[in-house]
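In what follows, a structure is listed as structure tokens, so that the remarks can point back to it.
Remember, it's 1-based here, ligands and their atoms both numbered in the order they're listed. Computation of the quantities below employed the complete heavy-atom set of this structure, encompassing side-chain atoms and omitting hydrogens, waters and symmetry-equivalent molecules.
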Amino acid sequence: MGRDKAKYDLIVIGAGPSGMMAAGRAADLGARVLILEKKKQYGKKLLLTGGGRCNITNAEFGVRAFLEHFPESKKFLFSPFSKFSAKDTFAFFEKKGLPLVVEGRKRAFPETQRAEDVLQVMRKYINRNGVEIKTGVRAASLEAKDGKIVSVKTSKGDEYFAGNFVIATGGLAAPETGSTGDGFNMLEKLGHTIVPPTPNIVPLTTDAKWVHKLSGVTLSFMTIRFIQGGKAKIKKTGKILFTHFGVSGPLILNSAREVVKLLEKGAVTASIDMFPDTQENELDRRVLNLFDKNKNKLVRNVLPEILPDALSETILKLPDINLFDKEVNSVTKEERKKLVKKIKNLTFEITGTLGFDKAVIADGGVPPEEVNFKNMSSKLYPNLYLLGDILNINRPSGGFSLQLCWTTGWVAGTDVGEKCQGHPLAKQTLVLQ
Ligand SMILES: Cc1cc2nc3c(=O)[nH]c(=O)nc-3n(C[C@H](O)[C@H](O)[C@H](O)COP(=O)(O)OP(=O)(O)OC[C@H]3O[C@@H](n4cnc5c(N)ncnc54)[C@H](O)[C@@H]3O)c2cc1C
């Protein structure tokens with residue numbers, strides 16, 4: 001597409017964090033930019049982030065240290081992250097009047113604790129730089145000619161031309177926010193590989209009723225093992241949250257991807273060890289001591305000295321333990337040993353995940369091998385850029401997903417902006433939304 005025939009230097013499809021960053025940056029450098037967004041209101045997923053507080057990045061400032069959280073794709077990401085890192089995100093938002101604060105696990109949030117303020121900064125960034133945005137418009141296909149993308153057709157049959165295109169339509173997580181996989185379909189038609197999406201950072205489910213009944217209970221230090229074929233395949237230590245459907249909390253969310261892979265091969269049993277630092281015989285001695293001191297009491301009034309109340313009740317009521325109504329002095333040695341074993345090995349079957357609806361991110365998308373990470377362009381079409389959740393890049397929770405958006409958006413926007421610099425029509429201000 002010749003520049004003269006193109007009304008825009010850049011059309012960005014999708015006004016999520018990565019699309020807004022690319023659009024704002026390219027326009028700031030002088031490009032004429034249009035965003036097409038299918039929802040009437042944009043930034044819906046951004047508003048949900050961090051429970052409405054927006055875990056905007058992770059304050060791991062060394063690029064190499066930051067990329068340790070992207071074990072499979074760090075070699076690809078070094079180039080874009082050396083151009084725009086977590087430190088740059090701090091500077092970007094601070095300069096725009098939204099300072100960030102750091103919490104546990106180096107998670108960074110806006111000082112105001114409001115995702116809405118992050119969206120507001122991005123909204124101003126695109127508006128101030130003259131980006132045109134059409135909401136309620138769904139991009140349906142990209143048209144290619146001579147190895148370049150020339151236009152985008154919408155579901156209503158309109159066609160928009162530009163010199164460059166960004167696909168920032170997100171993955172499949174939380175589809176009600178607008179990310180329903182349209183970008184994957186468009187890219188597949190253009191010849192890109194799409195690794196099939198699976199929910200990634202997502203809670204796990206079980207049918208075990210006793211787990212559901214513990215809903216709201218947190219165990220702050222335990223080890224969970226995921227067992228298949230009698231072997232512990234995954235072992236994690238930390239905090240777990242019981243819910244009305246299964247288990248959740250950062251440790252579980254960040255294990256879900258591996259567990260899903262195990263489930264594809266067969267049944268998975270979770271085993272919780274509530275005293276990971278204490279050997280079974282040592283724990284038995286501790287329980288024996290406790291029982292010796294409280295011989296005439298009910299077991300259910302004694303066990304809470306070492307276990308949370310709700311969990312103690314649940315374990316004592318399990319059919320294979322059945323000590324809820326017993327007095328300590330009537331507990332046999334075998335029963336006590338069985339109880340200790342249960343505290344060290346509380347098992348339940350994992351049935352699956354809560355699916356895309358409740359996933360923070362979904363795996364899958366364009367494999368990194370098909371992307372030129374120097375500028376985030378497609379290796380098949382040099383004027384097509386691929387950002388954020390559209391990429392098959394695995395990462396944990398903790399602000400890493402949004403940082404991937406800020407980085408990829410900035411790098412793509414810079415590339416387009418720099419291509420356009422010097423053009424006589426650059427930096428025309430278009431209609432503002
Ligand atoms: C509940 C929840 C909480 C999260 N919390 C955090 C957090 O605290 N920290 C963190 O780092 N990450 C978090 N994430 C992940 C993070 O929100 C995503 O990684 C990020 O939003 C991805 O941004 P994106 O720009 O790639 O796409 P998205 O944010 O998914 O935006 C894509 C946009 O494209 C639009 N679109 C889709 N198809 C079309 C089409 N055909 N035409 C036009 N427009 C289209 C959509 O409507 C949408 O507006 C969370 C996710 C969820 C679901």
Side-chain angles (χ1 to χ4, degrees), residues 11-23 34-58 69 86 89 103 105-110 113 115 118-119 122 133-142 152-156 158 160 165-187 197 199-203 248 250 253 354-363 365-366 376 385-391 393-409 412:
I11 291 178
V12 174
I13 304 171
S18 66
M20 285 190 276
M21 182 58 107
L34 168 71
I35 300 182
L36 300 180
E37 164 55 51
K38 82 170 168 194
K39 288 276 186 191
K40 285 255 178 307
Q41 283 170 338
Y42 58 93
K44 283 189 166 236
K45 193 179 282 181
L46 186 56
L47 291 178
L48 293 182
T49 55
R53 297 196 298 130
C54 187
N55 179 190
I56 193 166
T57 183
N58 192 284
H69 297 274
T89 301
E103 296 187 7
R105 293 191 292 126
K106 298 194 181 178
R107 290 166 306 142
F109 294 83
Q113 303 283 312
V118 178
L119 178 58
M122 295 314 291
I133 177 158
K134 290 184 190 290
T135 56
V137 176
R138 186 170 81 81
S141 64
L142 286 164
V152 51
K153 284 187 177 158
T154 72
S155 56
K156 290 195 179 132
D158 296 324
Y160 296 92
F165 295 81
V166 156
I167 294 219
T169 48
L172 270 183
E176 79 282 359
T177 61
S179 23
T180 51
D182 291 1
F184 297 150
N185 299 336
M186 287 189 259
L187 288 166
N200 182 335
I201 301 180
V202 65
S248 192
L253 296 175
L354 275 192
F356 289 115
D357 282 357
K358 298 290 173 207
V360 172
I361 56 166
D363 250 358
V366 179
M376 297 315 302
Y385 297 81
L386 309 173
L387 314 181
D389 280 5
I390 210 79
L391 302 164
I393 290 179
N394 178 38
R395 69 269 175 188
S397 66
F400 298 99
S401 297
L402 282 175
Q403 184 58 51
L404 183 69
C405 292
W406 310 132
T407 295
T408 54

query = Considering only heavy atoms, which of Gln403, Met186, Glu37 lies nearest to atom 46 (C) of ligand 1?
reply =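 Among Gln403, Met186, Glu37, the closest heavy atom to atom 46 (C) of ligand 1 belongs to Glu37.
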message = Quick test of your reading of the structure: of Gly170, Gly43, Ser155, whose heavy atom lies closest to atom 28 (P) of ligand 1?
response =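 Result: the heavy atom closest to atom 28 (P) of ligand 1 is in Gly170.
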So which bit of [X] gets within less than 4.0 Å of ligand 1, heavy atoms only: side chain, backbone, both or neither?
X      : value
Thr177 : backbone
Ala168 : backbone
Ala359 : backbone
Asp389 : both
Ser18  : both

query = Passes side-chain contact (heavy atoms from CB on, under 4.5 Å), Ser248 versus Leu253? Steps please.
reply = CA-CA 6 Å; Ser248 192; Leu253 296 175; 3.9 Å; yes
Identify the protein heavy atom lying closest to [atom], giving its residue, its atom name and the separation to 0.1 Å.
atom                    : answer
atom 8 (O) of ligand 1  : Gly50 N, 2.8 Å
atom 29 (O) of ligand 1 : Pro17 CD, 3.3 Å
atom 10 (C) of ligand 1 : Leu402 CG, 3.5 Å
atom 37 (C) of ligand 1 : Gly178 O, 3.2 Å
atom 42 (N) of ligand 1 : Ala139 N, 2.9 Å
atom 41 (N) of ligand 1 : Asp182 OD2, 2.8 Å
atom 21 (O) of ligand 1 : Lys45 CD, 3.5 Å
atom 50 (C) of ligand 1 : Val360 CG1, 3.2 Å

Does [X] have a non-hydrogen atom less than 4.0 Å from ligand 1?
X      : result
Leu46  : no
Ala173 : no
Gln41  : no
Val137 : yes

query = Between Gln403 and Thr89, is any side-chain donor less than 3.5 angstrom from a side-chain acceptor?
reply =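 Per modelled atom types, Gln403 and Thr89 side chains form a pair under 3.5 Å.
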inquiry  = For a quick check under 3.5 Å, do Thr154 and Lys38 share a side-chain donor-acceptor pair by atom type?
reply    =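 Result is no, nothing qualifies.
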Does any N or O in the side chain of [X] come within less than 3.5 Å of the main-chain N or O of [Y], such that one atom is a donor and the other an acceptor?
X      : Y      : value
Lys134 : Glu37  : no
Thr408 : Gly388 : yes
Asn200 : Ala359 : no
Asn58  : Arg105 : yes
Lys44  : Ser179 : no

With nothing but distance in play, are any N or O atoms of [X] less than 3.5 Å from an N or O of ligand 1?
X      : result
Lys38  : yes
Cys405 : no
Cys54  : no

task = Begin from the C-alpha positions of Met21 and Leu387 and carry the test side-chain contact (heavy atoms from CB on, under 4.5 Å) through to its verdict.
result = CA-CA 10 Å; Met21 182 58 107; Leu387 314 181; over 6 Å; no
key: Flag if over 12 foreign heavy atoms under 6.0 Å of CD, Gln113   =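 It does: Gln113 CD has more than 12 such atoms within range.
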query = Are Glu103 and Arg53 close enough for a salt bridge, meaning some N to O gap below 4.0 Å?
reply =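 Yes, Glu103 and Arg53 are salt-bridged.
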ask   = How close do Asp357 and Glu176 get, heavy atom to heavy atom, and via which atoms?
value =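 That would be O-OE1, 4.4 Å.
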Worked check of side-chain contact (heavy atoms from CB on, under 4.5 Å) between Ser401 and Ile361 = CA-CA 8 Å; Ser401 297; Ile361 56 166; 3.5 Å; yes
inquiry  = Can you name the atoms of ligand 1, numbered from 1 with element, that are less than 4.0 Å from a heavy atom of Lys39?
reply    =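 This gives 47 (O) as the contact atoms.
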